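Notes to accompany the following structure.
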Amino acid sequence: MNENLQHRIRKYLLKALHFVALFIAMAIICVPGLWVVLNSFRPTVEIMAKPPVWIPNELNLDNYRAMFGAVGEGGVPVLQYFTNSLIVSVTSTLIAILVGMAGGYAFARYSFKGKAGIFIGLMLTRAVPGVSLSLPLFIVMAKTGLIDTHLGLILVYVALNVPFTIWLIDGFFRQVPIDLAEAAEIDGCTRWQAFWKVEFPVARAGVASAGIFAFLTSWNEYALASQLTRSTFSKTMPVGLRDFTSEFTINWGGMCALAVLMIIPALILTFIVQKHLIAGLTFGGVKG
Amino acid sequence: MAQVHLRDVVKKYGAIQVVHGIDLEIQDNEFVVLVGPSGCGKSTTLRMIAGLEDISGGEITIGDRVVNDLPPRHRNISMVFQNYALYPHMTVRENLGFSLKIAKRPQDEIDRAVDEAAGILSLAEYLDRKPGELSGGQRQRVAMGRAIVRHPEVFLFDEPLSNLDAKLRTQMRTEIKKLHQKVKSTIVYVTHDQVEAMTLADRIVIMRDGHIEQVGTPLDVFESPANTFVATFIGSPPMNLLRGRITGDTISLTDGPLISLPPQFASNVADGQDVILGFRADNLMPVGHAMPMEGAYAEFKMTVNLSEPLGTETLLFGALAGKEVQAKMLNPRPLQNGEQLQFQLDLTRCHLFDAQTEQSLR
Ligand SMILES: Nc1ncnc2c1ncn2[C@@H]1O[C@H](COP(=O)(O)OP(=O)(O)O)[C@@H](O)[C@H]1O
Ligand SMILES: [Mg+2]
C-alpha cells in the first residue's frame, strides 16, 4: 500500500514538474511577443519606464491612431506597406510551392543523372548567409532595373525558398507509397490525375508546411528587403518599421503597433493551415 | 471475353534480365495462380500484365487486343496490391467508388455499385470510415471491393493475403474463391504460398528465376511434377528425393538399399543411368500402419529418429541412404526414438528424375 502511494506521489510530482518546465519554456518563447502587443497599447512613458511597468496603468489605441494618421504626425503608409508585403509574399510563396512540388516530386519519384549532385547543390545554397547576398543582389537588381519593384523582391524570395520547399516536399512525397499512384492508374487515372487526386492530397500536409515556411520567410524578411526597396511603392512591412526611427528618437509604441499588424496575418494563416498539418499523413493507406 | 495471352514476354532492368521469355495462355474466367519463391519474377509478370511495367520483349494480349503499349487505364483490369494501397484521405465509400467517379459515371450508378460491392464483402457498416480506422482484414476487403466495383475483365492479385494472420488468411482465401464464383472473371493471382496456390487455382503456374517450370491443374503439378523443383515446392511436407543409379531392373540408392525399378518407368531409363528417386511421405509407411498396398512396392528397414503426431496420422523422420526422409504412419502408436521399423514404399506412386537435368523421366 505504502509503496503504491509513494509511486503515485512521485508520478504527480513528475507531472507537476513537467508543467512548470513547459510553462517556463513557453513563457520564454511568448513573452517578447506579448510584450510587443502590450506595448502597442501603451504610451511611450510607460514603455520606457525603469524599472519596467508590468501591469499597465492605461491602455489606449493612440499608437494605432497615429500610425494610420497623417504623415506629419507619426503616420505611416501602413496600407501600402501591407499591400506590398502581401503581393510579394503571396506571389513568391505560390511560385516557391509550385516549383517545390514539381522538384520535390521529381526527386522523390524519378531517378535521373546527377540527382544526388543537384540535390546537394540546392542544399548548399541554403548554407550561404542571406545578408552576404545583399551586395551582389543589389548590383544585379540595379543592372536589371529591378530595384524598388515587387518583381525584384519576389524573385529573391523565390530563390531563397525553393531549395527548402523542394527538400521538404520531397520528404513528404517519399512517404507516399508508389502503390497509391499505381492503384489510381489502374482505377482509370492518367499519371496527371493520379498525382492531383491521390498523391497530392495525401502529401498536402507537407505542401502546407512548406507553404507556411515560405510565406513566413518572405513576410518577415528584413535584411534583403531593406537593400532592394526604396519607396513606399515596394517597401514591405518589416522595412516600414524603420519609418518609426528618426535621427534622435525611436517611436517604440508605433513600431510595436505596426509589428502587431504584421503578426496578425501570419497568425491567421498558420491557424488556417494548421489542420492540414495535423491531418495524418499516410496513416492506414497501406499495410494492416 | 477476356483471355490473357503472354507470348515470349521478357523483362529487363538495364542489363539484368528478370523474366526470361514467358509463354502463358489464360482462358476466360480461369483462376490462374503464379507461384514461386520470392524474387522469381511473379510480381514483375503481373505488373507487366497490368501495364505498370513496360515489357522489354514479347507480346501481351487481353481479350483480342495487344496491350503492350496501353496504359493501365485502357486495359480494363483491376489489381489488388499486397499492401492494399487504399487511398488514406478517402472514406471506404470514396475508395470503392473512385474508379467509377474517374470514369465520370452518374452518382446513382456509383452508389449502386458501391452498395453492391459493400454487400458482397460485408463492408456496409464501414463505408464512412477512413482506411486508417479499419483492421487489416477489413482493409483487405476494401481493396478487393475497389477491384470488383468496376466489373473488369481481368482481376490481378499480388500476394493479397500475405499481410494477414494465419486464421484470417484461410478465411479470406475462401472468400476469394467464393468471389470468383460470384463475379465470373479471369483472375491472375500471385503468391509464394503453395497452399494458397493449390486451394485457389484452376491452373497453377510454377515459376523459378524468371522461367516457368510447369503449368497445370493443382492435381497435375502435385501428382506429376515436371522436375525436382516442382516436386519439392508443391506439397507439404516436400517430396523426398534420393540419388541412385539404375542397375538392371533395380535402383541402387547411393549408400542405401536396392529398390526395384517402378514399373511405369521401366521403358524410360537406361542401365547405369544416374537418377533421383522421389516419393511423398504418404507413400512410405511402416508395415501394419498403412492401407494395404496394391501393385508394386518395396520393403526395407528404416530407423525412426523423430515423430510428430498430427492427430489421425503421425509424421515420421527417418534416415535412408544418408538423407533425412519423411514418412507417415496411420493408426499411430507411441514410438521410441531410434526405433527400427519395417517400411513399405508404394512404387506405383514414385517419381523418377534424371540426375543431371532434374527433369521427370515420365
Ligand atoms: N525496379 C527494379 N529494378 C531492378 N530489379 C528489379 C526491380 N524490380 C524487381 N527487380 C528484380 O526482379 C526480380 C523479380 O522481382 P519480383 O517480380 O518482385 O519477384 P517476386 O516473385 O518476389 O514477386 C527480383 O530479383 C528483383 O530483385
Ligand atoms: Mg512480389
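It should be emphasised that the depicted structure is a prediction, and the values quoted were computed from it without experimental measurement. Keep in mind that the numbers below use all heavy atoms, side chains included, and drop hydrogens, waters and symmetry copies.
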Check: Which heavy-atom pair separates A:Ala183 from B:Ala85 by the least distance, and what is that distance?
Finding: CB-O, 3.9 Å

Item checked: Check: B:Tyr87 side chain, A:Ala184 main-chain N or O, donor-acceptor pair, under 3.5 Å -> yes

Next item on the list: Count the heavy-atom pairs under 4.5 Å between each of B:Arg75, B:Lys130, B:Arg146 and chain A, then report the option with the highest count.
Entry: B:Arg146

Note to self: Can you confirm whether B:Asp111 is buried at CG, in the sense that more than 12 heavy atoms of other residues, nucleotides or ligands lie under 6.0 Å from that atom?
What the structure shows: yes

Next item on the list: Side-chain contact test, heavy atoms from C-beta onward, threshold under 4.5 Å: evaluate it for A:Glu182 versus B:Arg47 and give yes or no.
Entry: yes

Next item on the list: List the atom of B:Ile77, the atom of A:Ile186, and the distance in Å for their closest heavy-atom pair.
Entry: O-CG2, 3.7 Å

Check: Between CE of B:Met79 and CG of A:Asp187, what distance do you get to the nearest 0.5 Å?
Finding: 12.0 Å

Next item on the list: Give, for atom CE of B:Met90 and atom NZ of A:Lys197, the distance between the pair rounded to the nearest 0.5 Å.
Entry: 8.0 Å

Notebook entry, point to check: Is A:Lys115 atom NZ crowded by more than 12 heavy atoms from other residues, nucleotides or ligands, each under 6.0 Å away?
Noted result: yes

Next item on the list: State whether the number of non-hydrogen atoms from other residues, nucleotides or ligands found under 6.0 Å of B:Arg105 atom CZ is greater than 12.
Entry: no

Check: Is there a side-chain contact between B:His89 and A:Leu180 (heavy atoms, below 4.5 Å)?
Finding: no

Notebook entry, point to check: With a cut-off of 6.0 Å (strictly less than), are more than 12 heavy atoms of other residues, nucleotides or ligands near CZ of A:Phe112?
Noted result: yes

Margin query: Rounded to the nearest 0.5 Å, what separates atom OG1 in A:Thr190 from atom CD1 in B:Ile102?
Written below: 8.0 Å

